[in-house]
Amino acid sequence: RWRFQTYAGAALGPHVTKPAIDLFNRSAKGEMEIELYYADQLVPTGELFRALQNGTIDAVHSDDDSMAAPVPVSIFGGYFPFATKSILDVPVLFNQYGLADIWRDAYAKAGGVVWLSAAGQDACHFNTRTPIRSVADLKGLRLYTFPTAGRFLTQFGVVPVSIPYEDVQVAAQTGEISGMAWSGITEDYTVGWADVTKYFLTNNISGAWIGSWFVNEKRWADLPQHLKDLWLTCVQAGHNYRDQWYWGGEAKLRAQGEKLELTTVPADEWAEIEKAAMVFWDEVAEDNETTAKVVKTFKDYNGVLTKSGGVYACG
Amino acid sequence: MSYELIAALMFSSMMLMLLTGQRVFAVIGFVGAAAALFLWGGTGSFNMAFSSAMKLMRWYPMLTLPLFVFMGYMLAESRIADDLYRMFHVWMGSIRGGLAIGTMLLMIVISAINGLSVAGMAVGATIALPELLRRGYDKIMVTGVIQGGSTLGILLPPSVVLVLYGMIARQPVGHLWMAGVFPGLLMASLFLLYIMVRCRLNPELGPPMPEEERAKITRADKLHALQAGIWPFVIFFSMTGLFLTGVTSLVESAAVGAAASTFVALIRRRLTWDVLYQTARKTLGVSCMFMWLIMAALCFGAVFDGLGAVKSVERLFLNDWGLEPWQVLLMMQAAFLILGVFLDDTAMLVIVAPLFIPLAGALGFDLIWYGVLYTITCQVAYVTPPFGYNLFLMRAMAPPEITLPDIYRSIWPFVAIMLLTLLIIALYPPIATWLPNYVYS
Amino acid sequence: MPKAIRLYVKWVDSLSRWTGIFAMFLLFALLGILLYSTIMKTWFLPSLWTVEAAQFVMVSYYLLGGAWTLKEGEHVRMDLLYSRWTPRKKAGVDLVTGLAMIFFLGLLFAGGVASSYYAWQTNEHSFSAWRPPMLPVKLIMTFGIFLTLLQAAAIFFRDWATLRGASIE
Ligand code: NA
Ligand code: NA
């Protein structure tokens, strides 16, 4: 019996985490059961890594950034500005360009936690109460966003706000925040943020969320091989479900959704932000060897994408 | 031992230990931490305990709590409320039960500028109650007036309970506050009606002001007393007004409200160092009491949740799908009421609401309307023995001649009126939902 | 009562009193931060740190105020039966159930120490764009819990003295 906590709240969790867990519980036929808890239910998200490390929680689905994992790669979790262009870039980066090994090693070094698998999700768009039609409109917005993305956005006058995930919708209603830079449009509609904001910006600051599945080291070691295999297969099936859910949802809701009005900043103006991101990349690369390696991988991969053109080069 | 058994054990040992009279936070925290120790062993248990402190720190609407409390005491200490009370006294004193009616009106005004029932309790128990007793009002009736009236603080906006509900139900606070207006006024009217009818039937309960004293009050006095009514409006607009128009955020509004009440005290030359110190002192006491209790309840709740107890209850509910939605709602409301008798609203919210509220939503009920039903249930929980904040506060603040049995006996008529209001709003939802729909569309 | 215990109780009471007075003033810090936030948001650029700073002040407020609150008897009890007992009986029951309080506070304290140690070891920063280090606030929290624990022990000794018919003073 595992206690599993996800970063997602009760509205989003059924799509991003629950399918994998339900599948596992059905397939394990009572040999083992995983109990799913949503954001902050057992421990606050900021304490998630520690809880996982010392076994208060057995397994976790989260990005490295929000759970404040004390590893050099955590800065790349969630949305690292312009690291990817679309959802499938993440598994490619991890499985074909070697990020999986870097992540596995980083967590092995931190101890107590085993990194299992990463996958992409939606792109990081802005949905706000006031329209964004130019970069200048970002100035003064109090946005709920990821720590790293937030730090990057401060240079454009954005004021990032960190609050528990479940409080975000109400915070937008009570005026604590003016919107979010957190997700694609599918999530905005699913969790109710589309009800409390008016505008959706089609430009994004990163093409896919990088999130991972983790497990307590000892719990993983204790698991018989067939259950390990089963769990990894279920996690993979969950990735597959999300790939389609987000990809289809983004298109459909942008085209047919009625709650959010779409706005766009002209591409040549948005390039200013992309340029700033490259400066940010170089700063991060100077932190240590690991970050340098990851940034280099991003650069190599994005070079490939740009060169290949067509659908690969679109953000 | 099965998890269900542990969960049942947790609940029963908590109830049992509460009977020993140990501090409530210590009992809830102990049971939570001990169960955590049993489930997780050393490291896990102390991490669960401390996590609750971290969780509470990140729960930003709680920032409004000490500010609302501060505001309540500032109104009491700076004697703005005295003037207000005197205003009602001068205007209402001559009729039967007039001072009790005036006290209820005072409770309504305080409720409109404060988000908890504690402010009303503080003003009612320390200012109104001694005066009412001195004038020979029936102690059981007036104790009930103050306890029942002060609970309006969480139904009439601003309301901290509705903020917490909004957090869990994911409903906008503005809508919820608006939804509380008419139910709050309805309940207040029923309270007033009750007092008038009882005092008419039995004049000894609330003797009118003596003739000679009445003669001494001139028309000028009466008009002068009216000035006291200006200040609550100033505070109301600087806080609730700025929030509802979107100028300030919720926590900022609480700060503006606290500053505004201090400012009003200052320009009325009532802000002495002693007043400031006393206010800060009492605010610390009440806020700490609340926060430690919520922290312990969070610890208890997380462990309880970790047992899968919430899920067991959910399964139990889902097996009852054969029922009509309204039957499920009725069951939930009954369970809330029964739990509310034993628990207080914070514990209910932390332990039960995350289970009931999504269920109510899934059954297709309007969660704004349900928030009002929930809040009224909390009001009942506040005043029903053995566990209720207002009971405890009354016990702490009332003059010594008010005994515990007096307090317990005093609240029943008011509980009956609360339940009547609950029923009316359950049967006729537009009372709650009309105003938010009108304002926000 | 042994002199050491009497001294301990006296010392802890006075410590609780002073930290309580300090905590009282933190409320004004909280008020100041939020008013500053309001002013900045209404007329200037909203500030990055105010909500989180307010949260830090708030948690310090009620944890540093914990010992004082305990000493002043501000915590609610379910006093249906309790209020009818003699002081001696109250002290006797409190002596036993007080151990439960000490147990809870002890676990909280251990959790605080572990969490602070982790913050120090991993150079933990808050997961926000402001990124303040977490060690200071965790140390303040742990210290507040520690003082509350000391006060709970002092209350234990006081109850013990009452039960034996002595006074701690
Ligand atoms: Na109110
Ligand atoms: Na109750």
Interatomic distance, Ile39(C) atom CD1 to Thr248(B) atom OG1 [nearest 0.5 angstrom]
12.0 Å
Under 4.5 Å from a heavy atom of chain B, the part of Leu99(C) involved:
neither
Considering all heavy atoms of both residues, which atom of Leu31(C) and which atom of Ala259(B) are nearest to each other, and what is their separation?
CD1-N, 4.4 Å
Which one, Leu56(B), Val31(B), Thr262(B), leads in non-hydrogen pairs under 4.5 Å with chain C?
Leu56(B)
Between Leu70(C) and Trp292(B), is the side-chain contact (heavy atoms from CB on, under 4.5 Å) condition met? List the steps.
CA-CA 10 Å; Leu70(C) 204 54; Trp292(B) 279 81; over 6 Å; no
Please classify the contact of Ala36(B) with chain C as side chain, backbone, both or neither, using a heavy-atom distance under 4.5 Å.
neither
Minimum heavy-atom distance between Leu34(C) and Glu252(B), given as atom pair plus value
O-CG, 4.1 Å
Over all heavy atoms of both residues, which pair between Ala49(B) and Leu108(C) is shortest? Give the atoms and the distance, please.
O-CD2, 3.4 Å
How long is the gap from CZ on Phe104(C) to CZ on Phe46(B), to the nearest 0.5 Å?
14.5 Å
d(Tyr62(C) OH, Ser287(B) OG) to nearest 0.5 Å is 11.5 Å
I'd like to know which of Leu276(B), Asn47(B), Val286(B), Leu63(B) tops the heavy-atom pair count under 4.5 Å against chain C.
Leu63(B)
Residue pair Thr69(C) / Arg23(B), side-chain donor-acceptor N/O under 3.5 Å:
no
Does any non-hydrogen side-chain atom of Gln22(B) lie less than 4.5 Å from one of Asp94(C)?
yes
Trp160(C) atom CH2: more than 12 heavy-atom contacts under 6.0 Å
no
I need the minimum non-hydrogen distance between Glu74(C) and Met289(B), along with the two atoms involved.
O-CG, 3.5 Å
Quick one: of Ala280(B), Ser51(B), Ala26(B), who has the most non-hydrogen atom pairs under 4.5 Å with chain C?
Ala280(B)
Please find the pair of heavy atoms, one from Met57(B) and one from Phe56(C), that lie closest to each other, and give the distance.
CE-CE2, 3.5 Å
Residue pairs, two or more places apart or on separate chains, that pass salt bridge (charged side-chain N to carboxylate O under 4.0 Å, His left out) and touch residues 130-140 of chain C
Glu47(A)-Lys138(C), Glu124(C)-Lys138(C)
When the 4.5 angstrom heavy-atom criterion is applied to Ala254(B) and chain C, the contacting part is neither
Below 4.5 Å from any heavy atom of chain C, which atoms of Met17(B) appear? Answer side chain, backbone, both or neither.
side chain
Check whether Phe28(C) gets within reach of chain B through its side chain, its backbone, both or neither, counting any heavy atom under 4.5 Å.
side chain
Tell me whether the count of non-hydrogen atoms from other residues, nucleotides or ligands lying under 6.0 Å of CZ in Phe146(C) goes above 12.
no
Relative to chain B, which segment of Thr50(C) carries a heavy atom at a distance below 4.5 Å: side chain, backbone, both, or neither?
neither
At what distance, to the nearest 0.5 angstrom, does CH2 of Trp85(C) lie from OG1 of Thr20(B)?
6.5 Å
Apply the test side-chain contact (heavy atoms from CB on, under 4.5 Å) to residues Met141(C) and Phe50(B): give CA-CA distance (whole Å), side-chain angles for both, the deciding distance (0.1 Å), then the verdict.
CA-CA 10 Å; Met141(C) 289 167 76; Phe50(B) 192 71; 3.8 Å; yes
Rounded to the nearest 0.5 Å, what separates atom CE in Met62(B) from atom CD in Gln55(C)?
12.0 Å
Measuring from Tyr277(B):OH to Met24(C):CE, what's the distance to the nearest 0.5 Å?
4.5 Å
Give the ring-plane orientation class for Phe25(B) versus His75(C), where under 30° counts as parallel, over 60° as perpendicular and anything between as tilted.
tilted
Identify which part of Ala114(C) has an atom lying under 4.5 Å from any heavy atom of chain B, answering side chain, backbone, both or neither.
side chain
Interface moiety of Glu72(C) toward chain B, non-hydrogen atoms closer than 4.5 Å:
side chain
Taking the ring centre of each residue, are Phe103(C) and Phe30(B) less than 6.0 Å apart?
yes
Would you mind checking which part of Leu63(C) comes under 4.5 Å of any heavy atom in chain B, side chain (CB onward), backbone (N, CA, C, O), both or neither?
both
So which of Val96(C), Leu35(C), Val93(C) has the largest heavy-atom pair count under 4.5 angstrom toward chain B?
Leu35(C)
Thr283(B) versus chain C, heavy atoms under 4.5 Å apart: side chain, backbone, both or neither?
both
Leu242(B) versus chain C, heavy atoms under 4.5 Å apart: side chain, backbone, both or neither?
neither
Minimum-distance pair of heavy atoms, taken over all atoms of Gly20(C) and Leu284(B)
O-CD2, 3.5 Å
